[in-house]
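The structure appears below as structure tokens.
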Amino acid sequence: MDTIGLYRTTVGKKVVMAVTGAGLLLYVVVHMLGNLTVFSGAEAINGYGRWLREIGVVWPTRVALLVCVTLHFVAAYQLTAKARKARGRYQHRRRVQGSYAARTMRWGGVIIALFVVYHLLDLTVGWLNPNGVPGEIHANVVADFRHWYVVLAYSVAVLALGFHIRHGVWSATQTLGVTTSRVIGLAVAVAICAGFLSVPFAVFTGLVS
Amino acid sequence: MKLTLRIWRQSGATGRLVEYVVDDLSPDMSFLEALDVLNERLITTGQEPVAFDHDCREGICGMCGMMINGMAHGPERATTACQLHLRHFRDGDVVTVEPWRAEPFPVVRDLVVDRSAFDRIVAAGGYISVPTGSAPDAHATPVPKPDADTAFEAAACIGCGACVAACPNGSAMLFTAAKATHLGVLPQGQPERYSRARDMVAEHDAAGFGGCTNTGECTSACPKGIPLTTIARLNADLLRAHTTRSDR
Ligand code: HEM
Ligand code: SF4
Ligand code: FES
């Protein structure tokens with residue numbers, strides 16, 4: 001196993017992005033499913049949060065996420081720098097194929113990262129939350145999504161995440177050596193967006209209160 | 001018919017677009033023939049003709065690459081510039097013509113770029129080592145039909161460079177993958193299969209090409225329709241080369 005030699009290549013950097021991206025995707029799926037406990041009432045989601053702390057998965061997960069995000073970002077940065085240098089600049093150029101999702105991976109990723117900072121200050125630390133009491137997950141979520149601008153901010157971020165996942169899933173399998181159908185990435189992205197968006201809209205429309 | 005051609009003219013380090021109105025064109029002419037008509041006029045009026053590469057003029061040599069209206073080899077799918085007919089334009093159209101642009105493809109003059117970076121990638125692994133001698137019998141090494149088809153599809157790459165020119169990352173992965181697939185799926189290519197992937201990708205990166213983001217601009221620009229599956233195949237071989245101890 002020649003990890004350094006592999007990482008030196010452009011393909012190796014993408015392999016790191018594919019593997020760390022898969023880790024982040026796994027977290028996102030679990031997180032999305034966890035959020036759905038809000039539909040079973042305040043005690044369900046608050047208890048779920050307490051349970052996560054009791055079984056001691058919170059800090060190991062945070063460390064793993066930080067490692068994944070860092071590696072994902074460093075590889076992306078290095079590849080972007082190389083691509084910028086390699087790419088030609090035309091007076092006149094037309095795109096023929098490249099989907100919106102594929103073209104926005106870099107800035108989309110940055111938007112998601114900025115959202116995660118806001119999101120942590122909102123629902124983990126509580127500083128930016130109208131209720132903002134750690135542990136009162138249900139009350140914090142409800143206090144948030146009564147406001148249209150919070151719903152909007154979360155919706156934009158979740159859609160950015162959906163686009164990122166749509167191209168990311170397809171691209172990661174391609175990088176790891178298998179060409180899959182593009183429909184798989186699309187289906188994963190739609191499912192994740194629908195799951196995440198259900199919570200803010202349920203609160204906003206009064207379904208959850 | 002008449003076209004207004006805005007052509008990139010460059011003889012030193014920088015260049016600019018120069019506009020030429022060319023009439024007396026026939027819709028049955030190829031795009032290169034339109035440039036020929038312009039060049040004859042430039043020569044008879046004592047001006048420098050537009051330099052552009054070409055050889056076969058039948059879509060098989062890969063020399064005639066140029067950006068036509070912002071698209072590699074022009075607006076027709078799976079068509080080289082030499083096979084692009086003027087009937088795909090409208091009388092009076094303004095057409096911008098630029099050379100391929102990518103850091104590893106320096107402009108030599110006007111529309112001519114130096115694609116020797118491709119030769120270096122091929123020299124790094126795009127070959128098989130066999131003792132030469134009398135030609136072996138055609139049926140001496142059986143090749144399963146699906147493998148022969150995959151190899152043949154990849155072997156159709158003419159090394160034109162459109163994939164690089166169209167790529168937002170200036171990546172040459174489609175070209176590299178076409179060469180690696182062509183040899184890597186055939187029995188004769190097996191002994192060097194993994195070292196080939198390793199060495200060709202190393203040379204690709206060293207030449208200054210960018211990394212692939214699986215955007216797919218290349219495959220739609222490719223006059224031979226080389227598919228993206230070749231890139232996944234090359235990635236698989238590269239992973240294998242770096243994750244097994246074998247130094248093949
Ligand atoms: C509408 C969508 C979302 C809702 C309602 C939501 C809700 C929550 C809540 C309530 C927490 C805090 C749990 C606690 O510590 O008490 C949390 C944490 C977190 N969420 Fe979200 N989330 C959403 C979308 C996202 C997205 C799109 C991402 C990004 C990939 C994300 C990443 C995280 C991360 C990284 C944490 C922190 C884990 C930690 O505590 O270290 N979330 N989310
Ligand atoms: S892969 Fe296609 S576009 Fe690229 S060099 Fe070969 S023929 Fe030209
Ligand atoms: S001149 Fe040979 S491919 Fe166009």
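Source: prediction; values computed, not measured.
For the set B/M67, B/R6, B/M173, the count of heavy-atom pairs under 4.5 angstrom toward chain A peaks at B/M67. Taking B/G211, B/P168, B/A207 one by one and counting their heavy-atom pairs under 4.5 Å with chain A, the maximum is reached by B/P168. Of the listed residues (B/E103, B/H242, B/M71), the one with the most heavy-atom contacts under 4.5 Å to chain A is B/H242. Among the candidates A/H92, A/R94, A/R93, the residue making the largest number of heavy-atom pairs closer than 4.5 Å to chain B is A/H92. Between chain A and the options B/C167, B/P104, B/A165, the largest number of non-hydrogen pairs under 4.5 Å is found for B/A165. Annotation: maximal heavy-atom pairing with chain B below 4.5 Å, among A/L79, A/T9, A/T3, occurs at A/T9.
With values rounded to the nearest 0.5 angstrom, A/S171 atom OG is found 12.0 Å from A/R166 atom CZ. One distance of note links CG of A/N129 with CG of A/L121; it measures 11.0 Å at 0.5 Å rounding. How far CH2 of A/W127 is from CG of A/L120: 11.0 Å, rounded to the nearest 0.5 Å.
Across A/F145, A/F39, A/F201, a single residue satisfies side chain to side chain contact (heavy atoms under 4.5 Å, CB included) together with A/V208, and that is A/F39.
Residue A/F163 places its CZ atom among 12 or fewer non-hydrogen atoms of other residues, nucleotides or ligands, all under 6.0 Å distant.
A/N140 places a side-chain N or O within 3.5 Å of a backbone atom of A/G132 that can act as its donor or acceptor partner. Not one N or O on the side chain of B/T181 forms a donor-acceptor pair closer than 3.5 Å with the backbone of B/A178. A distance-only check finds no donor-acceptor pair linking the side chain of A/Q91 to the backbone of B/E98 [under 3.5 Å]. Between the side chain of A/N35 and the backbone N or O of A/G195 there is no donor-acceptor pair closer than 3.5 Å. With B/S195 contributing its side chain and B/E192 its backbone, the two residues share a donor-acceptor pair below 3.5 Å. A donor-acceptor contact shorter than 3.5 Å links the side chain of B/D114 to the backbone of B/S116. Judged by distance alone, the side chain of A/Y90 and the main-chain N or O of B/R101 form a donor-acceptor pair under 3.5 Å. Side-chain atoms of B/N169 never come within 3.5 Å of backbone atoms of B/G210 as a donor-acceptor pair (strictly under, hydrogens ignored).
Residues of residues 223-237 of chain B lying under 4.5 angstrom from chain A, judged on non-hydrogen atoms, are B/L228, B/T229, B/I231, B/A232, B/N235, B/A236 in numerical order. Contact residues of residues 175-185 of chain A toward chain B are A/T175, A/L176, A/G177, A/V178, A/T179, A/R182 (heavy-atom distance under 4.5 Å). The contact list for residues 11-25 of chain A toward chain B, using heavy atoms and a distance under 4.5 Å, reads A/V11, A/K14, A/V15 by residue number. Residue-level contacts of residues 8-19 of chain B with chain A, in order of numbering, are B/W8, B/L17; threshold 4.5 Å between heavy atoms.
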### Message
side-chain contact (heavy atoms from CB on, under 4.5 Å), that's the test. Do B/T79 and B/H73 meet it? Break it down for me.
### Response
CA-CA 7 Å; B/T79 307; B/H73 291 294; 5.9 Å; no

### Task
For the pair A/H119 and A/Y154, evaluate ring-ring contact (aromatic ring centres under 6.0 Å, His included) and give the outcome as yes or no after the intermediate values.
CA-CA 9 Å; A/H119 181 53; A/Y154 273 76; 5.4 Å; yes

### B/C222/B/L174 under side-chain contact (heavy atoms from CB on, under 4.5 Å): CA gap, chis, key distance, verdict
CA-CA 9 Å; B/C222 175; B/L174 194 65; 4.1 Å; yes

### Task
Assess whether side-chain contact (heavy atoms from CB on, under 4.5 Å) is satisfied between A/M32 and A/V30, documenting all intermediate values.
CA-CA 5 Å; A/M32 185 273 280; A/V30 174; over 6 Å; no

### Verdict with reasoning, B/K179 to B/I121, per side-chain contact (heavy atoms from CB on, under 4.5 Å)
CA-CA 9 Å; B/K179 300 302 167 200; B/I121 293 175; over 6 Å; no

### Query
Given A/H164 and A/W107, is the ring-ring contact (aromatic ring centres under 6.0 Å, His included) satisfied, shown in steps?
CA-CA 10 Å; A/H164 204 79; A/W107 284 112; over 10 Å; no

### Query
Given the rule in the ring-ring contact (aromatic ring centres under 6.0 Å, His included) test, do A/F204 and A/H147 qualify, once you have shown the distances and angles that lead to the verdict?
CA-CA 7 Å; A/F204 194 65; A/H147 304 287; 9.3 Å; no

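Within the 4.5 angstrom heavy-atom criterion, only side-chain atoms of B/R77, from C-beta onward, approach chain A. For B/T96, the part sitting under 4.5 Å from any heavy atom of chain A is the side chain, from C-beta outward, and nothing else. With a 4.5 Å cut-off on non-hydrogen atoms, B/A221 does not touch chain A at all. Of the atoms belonging to A/R89, it is backbone heavy atoms, and not side-chain ones, that fall under 4.5 Å from chain B. Neither the backbone nor the side chain of B/A202 comes within contact range of chain A; no heavy atoms are under 4.5 Å apart.
The six-membered or imidazole ring of B/H204 lies away from that of B/F175, with a centre-to-centre distance of 6.0 Å or more. Proximity of the aromatic rings of B/F105 and B/F118 is defined here by a centroid distance below 6.0 angstrom, and this criterion is met.
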